[in-house]
Amino acid sequence: MIADDLRTAIREALRAAGLPEPPGGIVLDVPKQREHGDWSTPAALALARVAGRPPREIAQRLQAELEAAGVPHLARVEVAGPGHLNLHLAPSWLHDVLRAVVAAGERYGTGDALAGQRINLEFVSANPTGPLHAGGGRWAAVGDAIANLLAAQGAQVHREYYLNDAGAQLDRFRDSLYARYRGEAPPEDGYHGQYLVEMAARLRAERGDGVTPDEALEWGYRHVLAGLEQDLGRIGVHFDTWFSERTLHERGDVAEVLALLDERGVTYEKDGAKWFRASDFGDQRDRVLVKSDGATTYLCNDIAYHRDKFARGHTHLIDIWGADHHGQVRSLQAGLEALGYPPGEPEVVLGQLVRLVRGGKEVRLSKRTGDIIALADILDEVDADVTRMTFLAQGIDSAQTIDLDVVTEQSMENPVYYVQYAHARIASIARRAQEAGVARRPVTQVDLGLLAHPREEELLRALAVYPAVVAEAATARAPQKVTTWVRDFARAFHGFYRDCRVLTGDDALTQARLWLTEACRVGLANALGILGVHAPEEMARLDPQDEDAQGPAPARPGAAGAPA
RNA sequence: GCGCCCGUAGCUCAGCCGGACAGAGCGGCGGACUUCUAAUCCGCGGGUCGGAGGUUCGAGUCCUCCCGGGCGCGCCA
């Protein structure tokens, strides 16, 4: 990649000038303003302190070295402002970008930074006591996209869903379902949601009378599980493993972990319970592993669970949790460290919660109290791509507010269509070319120098940066960086489409632009692939009538003054 | 009280490891379809980057404090 070549060139220029590398390494930026060159480095500014010389003087030394070095594509180096080194490249570098994109195809934007790693990524893991609620969709979309990002960096990624199917909550679920089955109200601390009424009715319809509480539980649990899998499948999320907590108990994993911790001398008895010296491992205080009633705690089971993930051969564990669980991170990490695993495992990605608003008021969600907005409810009204893109448009460090009225009623305005339309336009051009009998000649026989329009350069610049965007997004566990890129790229493409006709009477220009659009297709499709959003070949024409219906009312008999 | 996260344009949000005049979408105003799908494009207007200090040649980005908001601080899961 050109950035690597330039970095190398700068490194050599530094050596030739007898200067050390800047403390933070050699930074290469794409300047916000075109006049500041194709690439820019603040290396001289960073070096001023250590070298004890004015930044501009250092910049001038580097400028001279770079100009003398004959770096490919490098046309001009200028020293600007306080000591920025601006690199102006010949247009030929963009042609290399195009060739690199089409040569790599589906692999364009991938890297090998995580090659050899086997990463276990656990996400969603909502309790199997009811349908997945709308907020859970955020973790599904984010987790799946992060999995795609890690895979794009060469990791072998295992998607996992943890089913808490062994604790007291399943008892409550059983009792609640059974109560509904008998036409009674659920227990005070049970699940009061309407969905259990419906589930109970179905249970009765399928099994009739005489179902025992435990039979109701098994039936209901399987029913819920199938629902979860189906809902997640609707937004394109599939798990490699649905891990049952029951396994840990049945197999004796939990007992084994307790024995191991005892062996390491990090447990003690107090008040009839068994405690873990978590505070010795950075936790705020010690934690209970076995309650005085003999049952193990959630933490204890979770330590056993994560130990199993390592036992299955994963080299790194990542959990995506809602921010309401952030208090448990240290305890779990302490437990694994006590067992001898590296500090910081599992890595926990905390996501802030989703707020749902309808009719201008916040909708509180709880399976226990009953008011649920299920992911499925949203998917019944909104395209799965819109749903995913909505969840992936924002960083997970901030709480997301989703206005159900906006999402469901104005989905046409969602940016996902803007992006998909760009892809459809590319596909449409390809179809038109085929109809006209125009085929792309080998790229080596095409004069890419004809791609000199600012719009064309803008597209190639965006494509050039794409691999770095993916790498950053993977490192930061931040899929919204890809969303941002894809929107910017779509904007650039729409501008190009408007200003530069691809299929023209000029054969050489047509060839060059066909290759450019092919490169755009590759970049767009790859980015959408990471987001898990479809890249359609065509999009239905919007009916102008529908458009009007959304806007100011057209003249209609009797419509004047009528309430909306 | 302690911990984590957030506070950027009227609204919803981008802004990497600090770099050169702060961005997008929506909304507002005004333009562009005999041309590869106008779910598009172009232009205009709109910001004390919550506040105060500090570090730095340089801070929306780092540090401290304050204000405002969200979420946690169980022998619950």
Side-chain angles (χ1 to χ4, degrees), chain A residues 24-25 27 29 31-33 35-36 40-42 45-46 48-49 54-55 80-84 86 127 129 164 166-170 172 189 245 270-275 284-285 287-293 295-299 301-302 322-330 350-353 355 393-403 406 410 412-418 420-422 424-426 428-433 435-436 468-469 471-473 475-476 478 480-481 483-484 487-488 491 493-495 497-504 513 517 538-542 544 547:
Chain A
V27 175
D29 298 315
K32 281 181 225 156
Q33 280 142 308
E35 313 85 74
H36 292 151
S40 174
T41 178
L45 292 163
R49 169 81 60 84
H84 286 98
N86 294 339
N127 290 333
T129 54
N164 293 123
Q169 58 191 339
L170 257 277
R172 280 198 290 263
D189 63 347
E245 184 190 345
K270 192 180 95 180
D271 303 332
K274 186 194 283 284
W275 292 71
Q284 292 198 320
R285 58 185 197 77
R287 306 286 171 180
V288 172
L289 294 173
V290 184
K291 297 183 274 183
S292 51
D293 69 0
T296 52
T297 58
Y298 183 89
L299 171 65
N301 303 336
D302 217 20
D324 51 341
H325 291 100
H326 95 267
Q328 301 155 230
V329 176
R330 272 315 235 300
L350 288 172
Q352 299 299 312
L353 303 179
R355 288 179 57 234
Q394 190 179 325
I396 60 171
D397 283 344
S398 56
Q400 183 168 32
T401 302
I402 292 185
D403 189 326
V406 170
Q410 298 177 12
M412 278 308 166
E413 291 171 14
N414 192 287
V416 72
Y417 295 114
Y418 183 80
Q420 291 184 321
Y421 188 42
R425 277 181 149 175
I426 292 170
S428 172
I429 291 170
R431 279 194 302 273
R432 291 291 178 150
E435 284 164 22
V469 169
E472 277 175 26
T475 305
Q480 85 278 2
K481 288 175 191 298
T483 309
T484 302
R487 280 201 299 222
D488 289 346
R491 184 177 323 117
F493 184 81
H494 287 307
Y497 183 91
R498 157 82 182 191
D499 292 344
C500 304
R501 202 181 157 76
V502 175
L503 303 173
T504 66
R513 286 184 171 165
T517 53
E538 59 185 327
M539 293 183 72
R541 276 170 210 273
L542 275 191
E547 282 272 279

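Order of the sequence lines sets the chain letters (A, B, ...), proteins ahead of strands, with each chain counted from 1. As the structure is a prediction and not an experimental result, all values here were calculated from the model.
- Here the nucleotide nearest the side chain of A:Pro31, chosen from B:A20, B:G15, B:U40, is B:A20.
- Heavy atoms of A:Arg491 sit under 4.0 angstrom from primed sugar atoms or phosphate atoms, though from no base atom.
- The side chain of A:Arg432 lies closest to B:C36, out of B:A20, B:C75, B:C36.
- A stacking contact between A:His84 and B:G19 is absent: the pair does not combine a ring-centre distance of less than 5.5 Å to the base's six-membered ring with planes differing by less than 30°.
- Look at B:G45: it lacks any Watson-Crick or wobble partner with both distances under 3.5 angstrom.
- Between the side chain of A:Thr297 and the base of B:A77 there is no donor-acceptor pair of N/O atoms closer than 3.5 Å.
- In the set B:G19, B:C13, B:A24, the nucleotide with an atom closest to the side chain of A:Thr401 is B:C13.
- Contact annotation for A:Lys274: no contact, since no heavy-atom pair falls under 4.0 Å across all strands.
- Along RNA chain B, the nucleotide nearest to A:Tyr497 and the one nearest to A:Gln400 differ in position, and the one closer to the 5' end is contacted by A:Gln400.
- For A:Ala80, counting side-chain heavy atoms from C-beta on, the closest listed nucleotide (B:C36, B:U40, B:A20) is B:A20.
- For the atom pair CG of A:Asn86 and CD of A:Glu35, the computed distance is 10.0 Å after rounding to the nearest 0.5 Å.
- Remark: B:C33 base-pairs with no nucleotide in the shown strands. Criterion, Watson-Crick or G-U wobble with two distances under 3.5 Å.
- Under the Watson-Crick and G-U wobble criteria, each requiring two contacts below 3.5 Å, nucleotide B:U64 is paired to B:A52.
- Distance from the side chain of A:His326 is smallest to B:G3 among B:C71, B:C36, B:G3.
- Backbone-only contact: A:Tyr418 has heavy atoms under 4.0 Å from sugar-phosphate atoms and none from a base.
- Spacing between atom CZ of A:Phe493 and atom P of B:C36 amounts to 14 Å, rounded to whole angstrom units.
- Residue A:Gln394 is in sugar-phosphate contact alone, with no base atom involved, counting any heavy-atom pair closer than 4.0 Å across all strands shown.
- Among the heavy atoms of the strands lying under 4.0 Å from A:Arg501 is at least one base atom, whether or not backbone atoms are also near.
- The A:Val288 side chain lies nearest to B:C75 when the options are B:A14, B:C75, B:U40.
- With a cut-off of 3.5 Å on both Watson-Crick or G-U wobble distances, the partner of B:C2 is given as B:G72.
- Among B:A14, B:A77, B:C5, the nucleotide with an atom closest to any side-chain atom of A:Lys291 is B:A77.
- By the 5.5 Å and 30° criteria, A:His325 is not stacked with the base of B:G72.
- There is a side-chain donor-acceptor pair under 3.5 Å between A:Gln394 and A:Ser398.
- At the phosphate of B:A14, neither OP1 nor OP2 sits under 4.0 Å from any side-chain N or O atom of A:Lys481.
- Look at B:U12: its Watson-Crick or wobble partner, with both distances under 3.5 angstrom, is B:A24.
- Note on A:Asp271: a base of the nucleic acid sits closer than 4.0 angstrom, heavy atoms only.
- In this structure, A:Glu538 reaches the bases: a heavy-atom distance under 4.0 Å links it to at least one base atom across the strands shown.
- When heavy atoms are screened at a 4.0 angstrom cut-off, A:Ala540 is found touching base atoms of the nucleic acid.
- Contact annotation for A:Ala46: base contact, defined as any heavy-atom pair under 4.0 Å involving a base atom.
- For A:Tyr421, counting side-chain heavy atoms from C-beta on, the closest listed nucleotide (B:U40, B:G25, B:C2) is B:U40.
- Base pairing analysis places B:G19 opposite B:C57; the two distances defining the Watson-Crick or G-U wobble pair are each below 3.5 Å.
- Here A:Pro42 lies in heavy-atom contact (under 4.0 Å) with a base.
- Nucleic acid contact class of A:Glu472 (heavy atoms, under 4.0 Å, all strands): base.
- Residue A:Tyr417 places no side-chain N or O under 4.0 Å from the OP1 or OP2 atom of B:C26.
- Between A:Arg287 and A:Trp275, every side-chain heavy-atom pair lies at or beyond the 4.5 Å cut-off.
- One donor-acceptor pair, N or O on each side, does fall under 3.5 Å between the base of B:A20 and the side chain of A:Asn86.
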